[in-house]
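To start, the structure itself, in structure tokens.
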Amino acid sequence: MTLFRKPIPIEEALIKLMQFPKQIEEEYIELTASAGRVLSRDVYASHPVPWFIRSPYDGYAVRASSTKEAGEHNPIWLELLGIVAAGDVWHGTLQEGQAVKIMTGGAVPDGANAVIMRELTKEEERDGKTFVQLKRKLKEGENISSVGEDIEEGTRLLTKGTYINAGVIALLATFGYEKVPVTRKPKVAIIATGSELLGTDEPLMPGKIRNSNGFMLYTQALRSGAEPISFGVVKDTFEQTLETVRAALKAADIVVTTGGVSVGDFDYIPAVYKELGAELLFNKIAMRPGSVTSAAVLGDQLLFGLSGNPSACYVGFELFTRPVIRTMLGMENVYLQKVEATLKQDVLKANPFTRFVRSKLSFEGGRLYVQPSGKDKSNIVSSLPGADCFMVLPGGTRGWQAGSMVEVVLIEGQDGMREWK
Ligand SMILES: Nc1nc2c(c(=O)[nH]1)N[C@H]1C(S)=C(S)[C@@H](COP(=O)(O)OP(=O)(O)OC[C@H]3O[C@@H](n4cnc5c(N)ncnc54)[C@H](O)[C@@H]3O)O[C@H]1N2
Ligand code: MOO
Ligand SMILES: [Mg+2]
């Protein structure tokens with residue numbers, strides 16, 4: 001086994017990787033179940049919104065021309081013919097000198113072209129008839145929600161690849177989508193490798209630690225839009241690792257392992273890739289943490305060999321596995337969103353490789369600040385709970401001082417970038 005591995009830049013690793021993922025098939029699911037999923041088709045407006053003329057206020061529908069004499073010192077009286085609640089329709093055509101009482105959301109009667117708010121009027125009974133008093137002129141179209149005011153018929157409202165949030169759900173409901181076309185969630189098998197790993201239900205024993213990466217990756221897979229399938233923990237033996245990876249390839253679209261990927265005697269992931277006949281795409285990246293992040297392709301399936309070190313594993317998933325999952329979901333802006341922020345404290349340790357420091361953003365005085373969310377070492381787990389971004393510190397010999405502008409990639413949001421630059 002050759003121990004030397006040549007690190008490649010992140011951009012190069014992504015180019016190699018991103019030749020492979022293909023969008024997977026769609027399925028139709030209940031509207032309420034579609035939150036957090038991704039649309040597999042464009043959505044067009046099958047009718048205008050509103051599709052009939054509506055009143056935006058509780059008030060009276062009138063003909064604007066009937067009010068032209070009205071003024072503060074010249075009240076006019078219109079005859080009240082009826083009432084329209086939201087959901088009702090008033091049958092008939094409103095004439096000059098007439099009014100119909102209308103509630104917010106009610107259909108404005110034919111012949112009416114303006115609405116006056118209730119607070120500006122008063123009603124009076126005279127000779128068995130009801131009249132409504134106005135002291136102001138109305139313009140044609142005043143306080144009217146016209147047909148298509150919100151959405152014109154035929155407009156493309158949503159494109160395939162859109163993440164379904166509450167606003168998207170509202171739009172889909174508006175157009176009567178009982179079932180929603182979404183991309184099936186890519187299945188991501190998660191295997192934690194390591195003879196030292198205990199379950200959460202096991203007591204600590206000498207030399208052993210609990211498997212945290214398996215659960216962490218499960219949650220990262222969920223966040224990225226995938227369906228995680230846990231394959232638990234495998235001992236560091238070639239046979240068990242191979243067998244579990246084989247089973248995972250049968251059950252999932254993507255296989256993610258953590259640990260066993262470096263140059264240790266019991267790091268079997270490189271040998272497993274070889275045995276399977278998978279083509280190795282890379283096994284060393286010029287970044288920290290996660291320099292050992294590896295990937296291979298077998299047929300149309302990708303295998304990710306993420307580091308066993310918790311922070312390195314976390315970063316490796318977000319930078320490399322997530323964009324693959326997002327591409328399979330048919331999304332367009334698959335790379336983590338980059339922004340700039342002001343460094344809140346000195347980060348003086350320099351490194352020849354680009355670093356992704358687990359960090360936390362804050363707003364102060366309208367300015368975006370960033371600071372590390374804990375210790376910056378690959379084997380650290382305690383910096384992860386507070387991390388909502390990675391600070392990107394390009395490789396070099398110098399450290400960074402408080403007040404400098406730094407690049408930050410966001411890990412909690414749904415927005416992304418089309419290219420990794
Ligand atoms: N001689 C060298 N040694 C190492 C190198 C190197 O280049 N030359 N690289 C170091 C770097 S960088 C990393 S990162 C790690 C990567 O190691 P592996 O990916 O092979 O992972 P393991 O050796 O299996 O485990 C590393 C570390 O993480 C702990 N671990 C593993 N799995 C889990 C889990 N599921 N939950 C929590 N913690 C886990 C494991 O106990 C080890 O402490 O290699 C360096 N070594
Ligand atoms: O590749 Mo190891 O990255 O330090 O974290
Ligand atoms: Mg190792």
Side-chain angles (χ1 to χ4, degrees), residues 1-10 13 188-202 204-221 228 230-238 240-241 244-245 248 255-273 280 282-296 303-321 349-358 374-385 387 390 392-393 395:
M1 163 170 85
T2 156
L3 294 179
F4 180 75
R5 296 179 180 181
K6 188 177 174 312
I8 63 166
I10 297 164
V188 177
I190 293 161
I191 307 170
T193 74
S195 300
E196 74 279 31
L197 301 177
L198 300 169
T200 47
D201 55 343
E202 290 178 275
L204 292 177
M205 286 184 284
K208 311 276 188 199
I209 61 164
R210 294 209 180 87
N211 163 30
S212 58
N213 294 352
F215 299 96
M216 176 182 81
L217 286 170
Y218 193 96
T219 316
Q220 288 179 279
S230 174
F231 278 75
V233 168
V234 295
K235 296 260 180 293
D236 285 320
T237 70
F238 175 71
Q240 221 193 98
T241 310
T244 310
V245 170
V255 175
V256 176
T257 54
T258 168
V261 78
S262 186
V263 294
D265 281 359
F266 309 101
D267 288 339
Y268 286 115
I269 294 298
V272 164
Y273 289 169
L280 185 71
F282 48 82
N283 62 7
K284 187 122 190 146
I285 301 178
M287 64 185 255
R288 274 281 146 79
S291 58
V292 298
T293 306
S294 302
L303 299 102
F304 289 88
L306 304 182
S307 168
N309 275 325
S311 281
C313 178
Y314 189 97
V315 170
F317 184 94
E318 296 301 326
L319 289 190
F320 300 102
T321 316
K349 207 178 87 186
N351 196 294
F353 286 159
T354 301
R355 273 188 302 156
F356 291 83
V357 184
R358 282 74 60 216
K375 291 180 188 146
D376 180 29
K377 273 177 81 183
S378 168
N379 57 358
I380 293 287
V381 72
S382 57
S383 60
L384 298 176
F390 304 143
V392 189
L393 300 179

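Indexing begins at 1, ligand by ligand and atom by atom, following the structure's order. Predicted model, so just to flag it, every value in this text is computed and none were measured. Positions are given from 1, in the same order as the sequence printed here.
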- Query: Is the shortest N/O to N/O distance between Ser307 and ligand 2 below 3.5 Å?
  - Reply: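 No, Ser307 has no N/O under 3.5 Å of an N/O on ligand 2.
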
- Query: Taking both backbone and side-chain atoms of Val292, is any N or O found less than 3.5 Å from an N or O belonging to ligand 2?
  - Reply: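 Yes, since at least one N or O of Val292 sits under 3.5 Å from an N or O of ligand 2.
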
- Task: Looking only at protein heavy atoms, identify the closest one to atom 5 (O) of ligand 2 and say how far it is in Å.
- Result: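 Nearest protein contact, heavy atoms only, for atom 5 (O) of ligand 2 is Ser378 OG, 2.5 Å.
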
- Task: Can you pull out the closest protein heavy atom to atom 3 (O) of ligand 2? Residue, atom name and distance to 0.1 Å, please.
- Result: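 I find the closest protein heavy atom is Gly290 N, 2.5 Å.
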
- Can you sort out which atoms of ligand 2 are near Arg288, meaning under 4.0 Å from one of its heavy atoms?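 Selected atoms, number and element: 3 (O), 4 (O).
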
- Query: Is the backbone of Val256 close enough, under 3.5 Å, to the side chain of Thr258 for a donor and an acceptor to pair up by distance?
  - Reply: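 Side chain of Thr258 to backbone of Val256: no pair is present.
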
- Message: Let me confirm one number: the NZ-CD distance from Lys235 to Glu196, rounded to the nearest 0.5 Å.
- Response: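 Answer rounded to 0.5 Å: 9.5 Å.
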
- Query: How long is the gap from CZ on Phe390 to OH on Tyr314, to the nearest 0.5 Å?
  - Reply: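 The CZ atom of Phe390 sits 5.5 Å away from the OH atom of Tyr314.
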
- Which parts of the protein, at residue level, reach under 4.0 Å of ligand 1 through a heavy atom?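 Lining ligand 1 at under 4.0 Å, by heavy atoms, one finds Ala192, Thr193, Glu196, Leu197, Ile209, Arg210, Asn211, Ser212, Asn213, Gly259, Gly260, Val261, Ser262, Val263, Asp267, Lys284, Ser291, Val292, Ser307, Gly308, Asn309, Ser378.
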
- Message: Could you walk me through whether Leu198 and Leu204 satisfy the side chain to side chain contact (heavy atoms under 4.5 Å, CB included) test, starting with their C-alpha distance in whole Å, then the side-chain angles of each, then the deciding distance to 0.1 Å, before giving a yes or no?
- Response: CA-CA 8 Å; Leu198 300 169; Leu204 292 177; 4.2 Å; yes

- Item | For Thr193, the option from Val261, Asp267, Asp236, Asn213 that meets side-chain contact (heavy atoms from CB on, under 4.5 Å) |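 For Thr193, the side-chain contact (heavy atoms from CB on, under 4.5 Å) test succeeds with only one of Val261, Asp267, Asp236, Asn213, which is Asp236.
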
- Message: Does the plane of the ring in Phe320 sit parallel, tilted or perpendicular to the ring in Phe282? Use 30° and 60° as the thresholds.
- Response: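 Ring orientation of Phe320 relative to Phe282: tilted.
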
- Message: Show, in sequence, the C-alpha distance, side-chain angles and deciding distance for Val381 and Met216, and conclude whether the side chain to side chain contact (heavy atoms under 4.5 Å, CB included) test is met.
- Response: CA-CA 10 Å; Val381 72; Met216 176 182 81; 5.7 Å; no

- Message: Is the shortest side-chain heavy-atom distance between Ile269 and Thr241 below 4.5 Å?
- Response: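 Answer yes - side chains close enough.
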
